[in-house]
Amino acid sequence: MAGKSIKNSATIRILGIETSCDETSVALLETSNSPFSKGGLRGIKIRKHYISTQIPIHARYGGVVPEIAARTHVAEIVSLLEKTTGWKESFDAIAVTQGPGLATALRVGIEAAKTLAWTYGKPLIPVNHLEGHLASAWLVPTNRRDWKFPILFLLVSGGHTELVLMKDFGSYKVLGRTRDDASGEAFDKTAKLLGLGYPGGPKLSQLASRGNPKAFALPRPMIHDPSLDFSFSGLKTAVRQTLTPTPLPHGRRGANTLSPALWGKGTGIEGQVLADLCASIQAAIVETLIAKTVRAAIKVKPRAVAVVGGVSANPKLKADLRAALKKNCPGIKLLAPAKDLYTDNGAMIAAAGLWKMLKHKKVPRWQALDAEPDKDL
Ligand code: KG4
Ligand code: ZN
C-alpha cells in the first residue's frame, strides 16, 4: 500500500497514543535511527510520558463501562497531547493502538492520531495493543542486553492470557491462550466476590502477602492438560462456593466451606481468613501460569522468558516464575517491564511502533486506518 516514508536521520522521536480501555496515555520516545544495533540499544529514552487512569470512575460501577471510558478519553486526550508535544512538530511519527480493545475507546485515540498525522504530515503507525505489552519489557535497558531471540512471553493482562513465542521483531507464534477468563479477570472477579472493589487484582495480591496459600483447596484448572491453554472461569465458581456453603447430605460440610464462626461482623469475611483466601486464590492462578510457562520453556527452549501485562505487577508471580525457571531451565533469564509500564501505557505503544517503523520503513495510508477491537497478534 502506498504510504509515507520514514525519515532517515540520527534521532527519531515517536509519539505513542493508548486509549484501548481505561487509561488515556501519551508518550514521546526518542531513539537513534537503528535501535537494533549496539549503539542504538543504549539510546532509547522516554522523553515524556503521561497516564491518566479512569479506575476511580469505573470503580463505582464495579468494572469498565465502555461508553464512559470513551467519553473520558475524549475529555483527557487533548490535554495529554498538549503536555507531550506543546503543539510543536516535536515528533517524526505517531504510533496508536488499533486493537484489541473497546471499539469506541480505541476510536478516540485513532481519530486524535489521524488529526496529528494530517496536521503535521507525519506517518501514522497502527499498533497491536498486545505487541505493545511485549515491547514494554524492551524499554528496560538491562533487558535489551538480554534480548536474544527466540523469547517466550507470558502475556497476562485484564483481557488476555497468552504464551507467545517471539522469533523476531514482528514475528510471533501463539503457543497457548485462555479458553475463557483471562488471569487478570480471574483476580478481579474473585476479588469482587470478596468485596475488594475494582480492579481487585492489586488489592487481592496485597492481602495475599500475609495469608496462608494452603488454607483453602482451590482448583488449578487445566494444569495437567498437555496443551498450553489456560482456563480460569472455574476458579471463580469455586471461590463463590467457598463463600456460600451448601450443606452436604447428612449435615456434613464441604472441605472448602467456611465455618460461620470465621465470618466477620460485616457483609463478608475479614482478617486472617480473608488474607488466607486471597493467598489461596493467588496461589491457584500463579501456580497454573507458572506450570504452563515452564512446560512451554522446556518445549521451545527460548533464549529468555518475559512476563508482561498488568498481572506481571504481581510480585509472587515474578518471584516464583524466576525460581521455577532457575530450577527447570537453568540459564534462562526472566525479563519484566519497569514498574510504571506493567499496565496500559503510551510508551509501550511508541516502542512497538518503533519496531514496525524500523522494519518496514513504509507505513500504510492513515486515511484507511480504523479500530480493530478483536485484533489478534
Ligand atoms: O494490562 P492491563 O493494564 O490491562 C489490559 O490490557 O487488560 O492489566 C490490568 C489487569 C487487571 O486485571 C488488574 O487486576 C491486574 O492487571 N493487576 C494485577 C496486579 N496489578 C494489576 N493482578 C494481580 N496482581 C497485581 N499486583
Ligand atoms: Zn493492556
Side-chain angles (χ1 to χ4, degrees), residues 16-25 51-55 58-59 62-64 66 69 96-102 105-106 109 127-137 153-162 164 177-178 181-194 196-209 211 213 230 232 235-236 278-290 306-321 336-349 351-352 373-377:
I17 300 175
E18 159 62 34
T19 63
S20 69
C21 190
D22 56 353
E23 328 278 351
T24 321
S25 182
I51 304 174
S52 168
T53 183
Q54 305 177 6
I55 285 176
H58 298 290
V64 177
V96 66
T97 306
Q98 184 179 30
L102 304 169
L106 288 164
V127 168
N128 185 313
H129 179 81
L130 305 179
E131 197 173 10
H133 275 301
L134 307 189
S136 66
F153 281 86
L154 173 64
L155 167 57
V156 273
S157 69
H160 291 84
T161 295
E162 298 193 357
V164 179
R177 55 160 54 105
T178 184
D181 289 353
S183 49
E185 235 177 322
F187 270 107
D188 294 342
K189 286 181 176 173
T190 52
K192 194 172 180 179
L193 291 173
L194 300 177
L196 300 180
Y198 173 84
K203 186 80 194 289
L204 190 149
S205 90
Q206 208 184 335
L207 286 165
S209 64
F230 304 89
F232 288 107
L235 182 61
K236 186 182 58 199
C278 287
S280 302
I281 294 168
Q282 178 174 264
I285 299 171
V286 164
E287 279 175 31
T288 310
L289 292 173
I290 292 176
V307 59
V308 294
V311 181
S312 67
N314 188 283
K316 178 138 181 81
L317 174 60
K318 277 188 304 242
D320 289 4
L321 182 53
K339 212 171 163 213
D340 54 341
L341 300 188
Y342 292 132
T343 49
D344 295 346
N345 64 84
M348 70 183 197
I349 301 303
D374 299 318
K375 202 173 173 66
D376 257 337
L377 253 185

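Counting convention: from 1, in listed order, for ligands and their atoms alike. Residue numbers count from 1 along this sequence. Reckoned from all heavy atoms, side chains included, excluding hydrogens, waters and symmetry mates.
The Zn ion (ligand 2) has an N, O or S atom of His133 closer than 2.8 Å. The Zn ion (ligand 2) has no N, O or S atom of His160 inside 2.8 Å of it.
Counted within 6.0 Å of NZ on Lys318, heavy atoms from surrounding residues, nucleotides or ligands total more than 12; the atom is thus considered enclosed.
Atom CD of residue Glu162 and atom OG of residue Ser183 lie 10.5 Å apart, to the nearest 0.5 angstrom. Note that CG of Asn345 is 7.0 Å distant from OG of Ser136, once rounded to the nearest 0.5 Å. Residue Glu131 holds its CD atom at 11.0 Å from CD of Gln98, rounded to the nearest 0.5 Å. Taken from CD1 in Ile51 to OG1 in Thr343, the straight-line distance is 6.0 Å, to the nearest 0.5 Å.
Using a non-hydrogen distance threshold of 4.0 Å, Pro202 registers as a contact of ligand 1.
With hydrogens and angles ignored, the 3.5 Å screen pairs a side-chain donor or acceptor of Asn128 with a backbone N or O of Asp376. Although no hydrogens or angles enter the test, the distance criterion places no donor-acceptor pair under 3.5 Å between the side chain of Ser20 and the main chain of Gly99. Not a single donor-acceptor pair under 3.5 Å links the side chain of Ser205 to the backbone N or O of Asn314.
The His133 neighbourhood of ligand 1 comprises atoms 1 (O), 6 (O), with distances under 4.0 Å to a heavy atom of that residue. Each of the following atoms of ligand 1 lies closer than 4.0 Å to a heavy atom of Ala313: 20 (N), 26 (N). Proximity to Gly158 (heavy-atom distance under 4.0 Å) selects the following atoms of ligand 1: 4 (O), 5 (C), 7 (O), 8 (O), 9 (C), 10 (C), 12 (O). Applying the 4.0 Å criterion to heavy atoms of Gly184 picks out, from ligand 1, the atoms 12 (O). For ligand 1, the atoms closer than 4.0 angstrom to any heavy atom of His129 are 6 (O). Of all atoms in ligand 1, numbered sequentially from 1 with element shown, those under 4.0 Å from a heavy atom of Thr343 are 3 (O). Shown in contact with Gly159 at under 4.0 Å from a heavy atom are these atoms of ligand 1, numbered in order with element: 7 (O).
Nearest to atom 26 (N) of ligand 1 among the protein's heavy atoms is Ser205 OG, 3.2 Å. Among protein heavy atoms, atom 24 (N) of ligand 1 sits closest to Asn314 ND2, 3.1 Å. From the protein, the heavy atom lying nearest to atom 6 (O) of ligand 1 is Asp344 OD1, 3.1 Å.
If you run side-chain contact (heavy atoms from CB on, under 4.5 Å) between Val127 and each of Ile349, Ile17, Val96, only Ile349 comes through. Just one of Leu130, Val307, Val164 meets the side-chain contact (heavy atoms from CB on, under 4.5 Å) condition when paired with Phe153; it is Val164.
For the pair OD1 of Asp344 and NE2 of His129, the angle at the Zn ion (ligand 2) is about 100°; rounding is to 10 degrees.
Proximity annotation for atom 8 (O) of ligand 1: of Gly200, Gly310, Gly132, Gly310 comes nearest, heavy atoms only. Residue nearest to atom 14 (O) of ligand 1, selected from Ile285, Thr97, Asp188, Val308: Asp188 (by heavy-atom distance).
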